[in-house]
Peer 1: 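Can you read through this structure? Questions will come right after.
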Amino acid sequence: MATIMAARGQGLEQDFDFFVVVDFEATCVKDARIFPQEIIEFPAVLVDGATGRIESAFRRYVRPKHHPVLTQFCRELTGIRQEDVDGGVDLGEALWLHGAWLKAATAGAGNKRSVRLAVVTWGDWDCRTMLEFECRFKGIEKPSYFDQWINLRVPFQAALGGGGRVNLQEAVRAAGLDWEGRLHCGLDDARNTARLLAELMRRGVKITITGSLAAPPPMQKQPARTSPCGGSPALASAPPPIQQQPARTGPFGGSFALVPAPIQQKQQPPQPYMISPCGGSSATCLCYCGLASRGDVMNGANLTNLSYRRNQITE
C-alpha cells in the first residue's frame with residue numbers, strides 16, 4: 001500500500017500514527033429483545049497511519065455472564081460456536097489483553113515517547129452504545145482511548161457519496177474492493193473496514209475523529225445532614241460501588257502513552273439510552289452491520305431505568 005501511494009502520488013499525512021479498527025459481535029436473538037446485551041467477540045486490527053498497511057490483528061472470544069448459552073440465531077449469524085465463548089474470557093480481561101497487545105504491536109514505532117492512536121469503527125454502535133453500556137452496567141474500567149472514535153461511514157460518504165445507510169459490505173464494494181471473509185465475523189468485518197480505511201487514505205481523505213463521549217459532570221459534595229435520631233446518619237444514600245479489577249501490572253506503563261486527539265467536530269453528549277442506531281421504536285431499519293432489525297431488537301433493550309456512574313482509566 002505504501003508503494004502504491006508513493007507511485008500514484010496520492011495519500012495524505014494523517015494526524016495519527018496508528019488506527020485501531022474494532023468490530024464487536026454481541027449476544028442477540030431473532031425478532032426479540034435481549035437484556036443485557038453482551039460482547040462475545042472482541043476483535044481489533046492495527047493499521048499504520050502512514051502507509052495504510054495492516055500491522056497486526058487481535059481477537060478474544062468473551063464469555064457472556066447473563067446469557068451464557070448462545071441462541072441458534074446468534075451462532076448462525078456470527079459463526080461463533082458455543083465452545084468459543086465457553087472457553088473465552090470476561091470483558092475486563094479482554095480489555096486488558098487488548099491493551100497488552102496494543103502496547104506490544106506499537107512498541108517499534110520509532111523512538112516516540114507517545115503514540116497517536118485513534119479507534120475506527122463502522123458506525124457509532126461499537127463505542128457509543130455497546131462497549132460503553134456493558135462497561136457501565138458491569139462496573140468495568142475501560143481505556144480512555146475508547147471514549148472517542150472515527151465512524152468510517154462519515155469520511156466514506158464524504159468521499160464516495162451514497163446517501164442513506166450504506167452497510168459495510170456495500171461500502172467496500174463501492175470503493176472497488178472485493179469483500180474478504182465471512183460477513184458478521186467480527187475479525188473479518190474489522191479487516192474489511194481496515195482495507196476500506198486504507199483505500200480512503202490512498203484517495204487523499206483526511207481521517208479525523210467523528211464521535212466522542214462527553215465527560216461526566218463532576219460529583220457535587222452533599223451538605224452535612226443531621227440524623228433525625230441524633231448524631232450522624234447511620235444510613236446514607238450513595239451510588240453503588242464500581243467493581244474494581246484485580247491489581248495487576250497494566251499494559252500502559254513505561255513510555256507508552258496515548259495522546260488525545262483533537263475533536264474536529266462539535267462534541268455530542270453520550271447517548272447511553274439510545275439503543276437503536278436508526279432511532280424510533282418500531283420502524284424497520286438496518287443495524288450497524290447492515291442486518292435488518294426492528295426498533296432496538298438487534299442492539300439491546302431499553303435502558304431508561306438504568307442509573308450508573310462513569311469510571312475511566314487514566315493512562
Side-chain angles (χ1 to χ4, degrees), residues 1-2 4-5 10-11 14 16 18-26 28 39-62 74 76-80 84 98 101-102 105 117-131 146 149-162 164-205 207-208 210-211 277 286-293 298-299:
M1 180 61 71
I4 294 174
M5 286 181 175
Q10 298 183 9
Q14 302 293 336
F16 304 99
F18 294 98
F19 296 102
V20 183
V21 183
V22 298
D23 193 296
F24 302 124
E25 297 298 327
C28 55
I39 293 172
I40 54 176
E41 183 184 358
F42 191 131
V45 174
L46 186 67
V47 177
D48 189 301
T51 66
R53 183 176 60 244
I54 294 178
E55 297 291 337
S56 183
F58 169 90
R59 175 165 65 182
R60 287 293 184 277
Y61 290 110
V62 183
C74 186
E76 292 176 351
L77 176 69
T78 64
I80 298 174
D84 292 329
H98 174 266
W101 161 78
L102 191 56
L117 176 78
V119 172
V120 177
T121 62
W122 181 258
D124 294 319
W125 177 85
D126 298 87
C127 292
R128 172 163 287 164
T129 302
M130 189 62 243
L131 182 62
F146 279 113
W149 62 91
I150 297 163
N151 174 1
L152 199 63
R153 185 192 302 273
V154 176
F156 166 80
Q157 290 184 337
L160 297 175
R165 297 193 61 82
V166 177
N167 65 38
L168 177 59
Q169 192 173 46
E170 292 169 342
V172 167
R173 291 171 176 168
L177 305 173
D178 292 327
W179 181 267
E180 296 180 356
R182 186 189 193 282
L183 184 63
H184 301 305
C185 164
L187 184 56
D188 287 347
D189 287 355
R191 287 186 183 276
N192 281 287
T193 304
R195 294 171 58 236
L196 179 58
L197 168 65
E199 176 62 20
L200 293 177
M201 290 169 58
R202 185 191 67 79
R203 296 184 182 214
V205 177
I207 308 298
T208 59
T210 64
L286 295 178
C287 77
Y288 72 102
C289 54
L291 182 72
S293 64
M298 289 302 301
N299 288 326

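One-based numbering along the sequence shown. As a basis for the values below, the full set of heavy atoms in this structure was taken, side chains included, without hydrogen atoms, waters or symmetry mates.
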Peer 1: If the condition is salt bridge (charged side-chain N to carboxylate O under 4.0 Å, His left out), which residues does R173 pass it with, not counting sequence neighbours?
Peer 2: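 Here no residue qualifies.
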Peer 1: Suppose we screen for salt bridge (charged side-chain N to carboxylate O under 4.0 Å, His left out). Which residues come up paired with D48, at least two apart in sequence or across chains?
Peer 2: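 Expected list: none.
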Peer 1: Run the side chain to side chain donor-acceptor pair (under 3.5 Å) test on D124 and W149 for me, step by step, so that the C-alpha distance in whole Å, both residues' side-chain angles and the decisive distance to 0.1 Å come before the verdict.
Peer 2: CA-CA 8 Å; D124 294 319; W149 62 91; 2.8 Å; yes
Peer 1: With sequence neighbours excluded, tell me which residues meet salt bridge (charged side-chain N to carboxylate O under 4.0 Å, His left out) with E76.
Peer 2: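 For E76, no residue satisfies salt bridge (charged side-chain N to carboxylate O under 4.0 Å, His left out) once neighbours in sequence are set aside.
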Peer 1: Please find the pair of heavy atoms, one from R203 and one from A175, that lie closest to each other, and give the distance.
Peer 2: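 Heavy atoms only, the tightest pair is NH2-O, 3.2 Å.
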Peer 1: So how far is it from L77 CG to H184 NE2, rounded to the nearest 0.5 Å?
Peer 2: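 The CG atom of L77 sits 5.0 Å away from the NE2 atom of H184.
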Peer 1: Ignoring hydrogens and angles, tell me if any N or O in the side chain of R195 forms a donor-acceptor pair with the backbone of D178 under 3.5 Å.
Peer 2: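 Yes, the answer is positive, given that a donor and an acceptor are paired below the 3.5 Å cut-off.
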Peer 1: To check you understand the geometry: which heavy-atom pair defines the closest contact between L187 and A44, and what is its length?
Peer 2: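 In this case the closest contact between L187 and A44 is CD1-O, 4.3 Å.
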Peer 1: Any sub-3.5 Å donor-acceptor pair from T210's side-chain atoms to N151's backbone N or O?
Peer 2: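 At least one qualifying donor-acceptor pair exists.
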Peer 1: Using the rule side chain to side chain contact (heavy atoms under 4.5 Å, CB included), only one of L117, I207, I150 pairs with F16; which is it?
Peer 2: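 Single pass found, and it is I150.
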Peer 1: Do W179 and L168 have side chains that get closer than 4.5 Å, going by heavy atoms?
Peer 2: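 With C-beta onward as the side chain, the pair touches.
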Peer 1: What pairs with D188 under side-chain hydrogen bond (donor to acceptor under 3.5 Å, both in side chains), at least two apart in sequence or on another chain?
Peer 2: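 Partners of D188 under the side-chain hydrogen bond (donor to acceptor under 3.5 Å, both in side chains) test: none.
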Peer 1: What's the spacing between E25 CD and D126 CG if we round to 0.5 Å?
Peer 2: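 E25 atom CD to D126 atom CG measures 8.5 Å (nearest 0.5 Å).
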Peer 1: Considering residues at least two apart in sequence or located in another chain, which fulfil the side-chain contact (heavy atoms from CB on, under 4.5 Å) criterion with A174?
Peer 2: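 Applying side-chain contact (heavy atoms from CB on, under 4.5 Å) to A174 gives F156.
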Peer 1: Taking atom CD of E41 and atom CD1 of I80, what is their separation to the nearest 0.5 Å?
Peer 2: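 Separation between the atoms: 4.5 Å.
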Peer 1: List in chain and number order the residues that pass ring-ring contact (aromatic ring centres under 6.0 Å, His included) with Y61, two or more places apart in sequence or in another chain; answer none if no residue qualifies.
Peer 2: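 Checked Y61 against ring-ring contact (aromatic ring centres under 6.0 Å, His included); zero matches.
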Peer 1: Would you call the rings of H98 and F146 parallel, tilted or perpendicular, taking 30° and 60° as the class edges?
Peer 2: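 Because their plane-to-plane angle lies in the 30° to 60° range, the rings of H98 and F146 count as tilted.
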Peer 1: So do the side chains of F58 and V20 get within less than 4.5 Å of each other, counting heavy atoms only?
Peer 2: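 No. Closest side-chain heavy atoms not under 4.5 Å.
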Peer 1: With a 4.5 Å heavy-atom cut-off, do E180 and R191 have their side chains touching?
Peer 2: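 The answer is no; the side chains never approach within 4.5 Å.
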Peer 1: Check whether Q169 reaches the backbone of D189 with its side chain - one donor and one acceptor, N or O, closer than 3.5 Å.
Peer 2: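 Flag not set: sc Q169 to bb D189 has no pair under 3.5 Å.
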